[in-house]
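To start, the structure under review is shown below, and the notes come after it.
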Amino acid sequence: MKKMIVTSKLMEEGVVAVLRGDTPEQVVEMAEQAIAGGIKAIEVTMTVPFALRAIEELGKRYSATAEDPAKFAIIGVGTVLDPETARAAILSGAEFVVGPSLNPATVTLCHRYRIPVMPGVMTIQEIQSALELGVDIVKLFPGNLFSPAMIKAVKGPLPQANIMPTGGVSLDNLGDWIRAGAVAVGIGSDLTAEAVKTGDFSLVAKRAAQYKEAYLAAKAK
């Protein structure tokens, strides 16, 4: 049941903050600010040193099934290359798993634990393979190699595919991706770059609010 809830909530929220940083404490602060700004889906990448510490800390504070809005957020893990990493993150509290590519063993592991998994894909063949493995949402990555027209092209032969572009999504093109049929988008460095540069992490909340507003505006059209 929780897998269905998390998948539904991810598509309902529509914007995933993909967070990278130098320390787990820095990433936790980024996540807190992103959540304050309205982005309730957080992906902590495994490129962060001691990333599992950040996932564990955020997992204690937030949950996709929390009834209290102040405690609701979906905490996941990204840049997962193998099932061993996925399992470690799940045991640390990750509620969804994202990878840069399609690794069947990772998908199988996530199904075993009833955790949503979003592998990275670039081709029709990879998307079809992911669907055959039971994947609910695929990550179109890197998104900056494509335009929103890619989603329409994919949905010709595979209308059942749920696609989340990540990489290259900006405030300028987010609406185009959503209107093209993306079920969600992943936002990376554009969300946090200015905050990291200046040391003012409140800028993450402000940027998150802009992204959430753009998403809601696109969905309303």
Side-chain angles (χ1 to χ4, degrees), residues 3-20 34 37-43 45 64 73-74 76 78-80 95-103 107 110 116-193 204 206-221:
K3 178 187 177 185
M4 296 172 60
I5 292 172
V6 173
T7 302
S8 176
K9 290 289 187 181
L10 282 169
M11 291 192 286
E12 181 181 331
E13 290 300 317
V15 182
V16 178
V18 182
L19 303 182
R20 304 179 188 275
I39 296 180
K40 299 287 190 172
I42 305 296
E43 176 188 329
T45 68
I74 314 165
T79 321
V80 174
E95 296 181 297
F96 65 92
V97 172
V98 183
S101 62
L102 177 60
N103 182 293
V107 173
C110 291
V117 56
M118 293 176 279
V121 296
M122 293 182 69
T123 67
I124 292 288
Q125 176 62 63
E126 289 177 328
I127 295 172
Q128 179 176 329
S129 296
L131 291 174
E132 291 169 354
L133 289 167
V135 170
D136 295 306
I137 302 173
V138 294
K139 180 178 82 166
L140 184 64
F141 179 77
N144 56 3
L145 296 183
F146 304 96
S147 75
M150 175 64 172
I151 294 183
K152 182 178 180 180
V154 169
K155 284 186 169 290
L158 297 174
Q160 70 273 31
N162 294 317
I163 302 171
M164 179 182 75
T166 301
V169 178
S170 66
L171 285 171
D172 293 332
N173 64 24
L174 183 151
D176 295 332
W177 282 108
I178 295 301
R179 288 187 289 270
V183 298
V185 296
I187 308 298
S189 61
D190 189 57
L191 183 66
T192 60
V204 175
K206 295 177 182 178
R207 197 67 168 167
Q210 292 176 322
Y211 270 105
K212 194 62 187 231
E213 182 180 1
Y215 169 74
L216 293 174
K219 290 291 288 185
K221 294 182 179 179

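Position 1 is the first residue of the sequence, and the numbers go up from there. The figures that follow rest on heavy atoms only: side chains count, while hydrogens, waters and symmetry mates do not.
Legend: residues meeting side chain to side chain contact (heavy atoms under 4.5 Å, CB included) with Leu133, ordered by chain and number and at least two apart, are Leu102, Pro104, Val107. By the side chain to side chain contact (heavy atoms under 4.5 Å, CB included) test, Ile124 is found to be paired with Val154, Pro157, Leu158, residues two or more places apart in sequence or in another chain being considered. Scanning for side chain to side chain donor-acceptor pair (under 3.5 Å) contacts around Glu213 gives an empty result, with sequence neighbours left out. In this structure, the side chain to side chain donor-acceptor pair (under 3.5 Å) partners of Glu132, at least two apart in sequence or on a different chain, are Gln128. Scanning for side chain to side chain contact (heavy atoms under 4.5 Å, CB included) contacts around Asn173 gives Val169, Ser170, Asp176, Trp177, with sequence neighbours left out. In this structure, Tyr215 has no side chain to side chain donor-acceptor pair (under 3.5 Å) partners at least two apart in sequence or on a different chain. In terms of the salt bridge (charged side-chain N to carboxylate O under 4.0 Å, His left out) criterion, Glu43 has no residue partners (sequence neighbours excluded). Contacts of Asn162 classified as side chain to side chain donor-acceptor pair (under 3.5 Å), with partners at least two apart in sequence or in another chain: none.
Taking 4.5 Å as the limit, some side-chain heavy atom of Leu19 sits within range of a side-chain heavy atom of Leu191.
Applying the salt bridge (Lys or Arg N to Asp or Glu O under 4.0 Å) test to every pair with at least one member in residues 155-172, sequence neighbours left out, gives no pairs at all.
A distance of 10.5 Å separates CZ of Arg207 from OG1 of Thr192, quoted to the nearest 0.5 Å.
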Side-chain donor/acceptor pairs under 3.5 Å, residues 137-153, sequence neighbours excluded:
{"unit_1": "Lys139", "atom_1": "NZ", "unit_2": "Gly99", "atom_2": "O", "d": "3.4"}
{"unit_1": "Ser147", "atom_1": "OG", "unit_2": "Ala149", "atom_2": "N", "d": "3.2"}

I'd like a table of donor-acceptor pairs (distance under 3.5 Å, sequence neighbours excluded) in which one partner is a side-chain atom from residues 3-17, with atom names and distances.
{"unit_1": "Thr7", "atom_1": "OG1", "unit_2": "Lys3", "atom_2": "O", "d": "2.9"}
{"unit_1": "Glu13", "atom_1": "OE1", "unit_2": "Lys212", "atom_2": "NZ", "d": "2.8"}

Would Tyr211 and Asp190 count as a side-chain contact (heavy atoms from CB on, under 4.5 Å) if you check the C-alpha gap in whole Å, the side-chain angles of each, and the deciding distance to 0.1 Å?
CA-CA 10 Å; Tyr211 270 105; Asp190 189 57; 2.4 Å; yes

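What you find for Ala34 and Ala208 is that their closest heavy atoms are O-CB, 3.7 Å. Glu126 approaches Met122 most closely through the heavy-atom pair OE1-N, 2.6 Å. The shortest heavy-atom contact between Gly175 and Ala218 is CA-CB, 3.7 Å.
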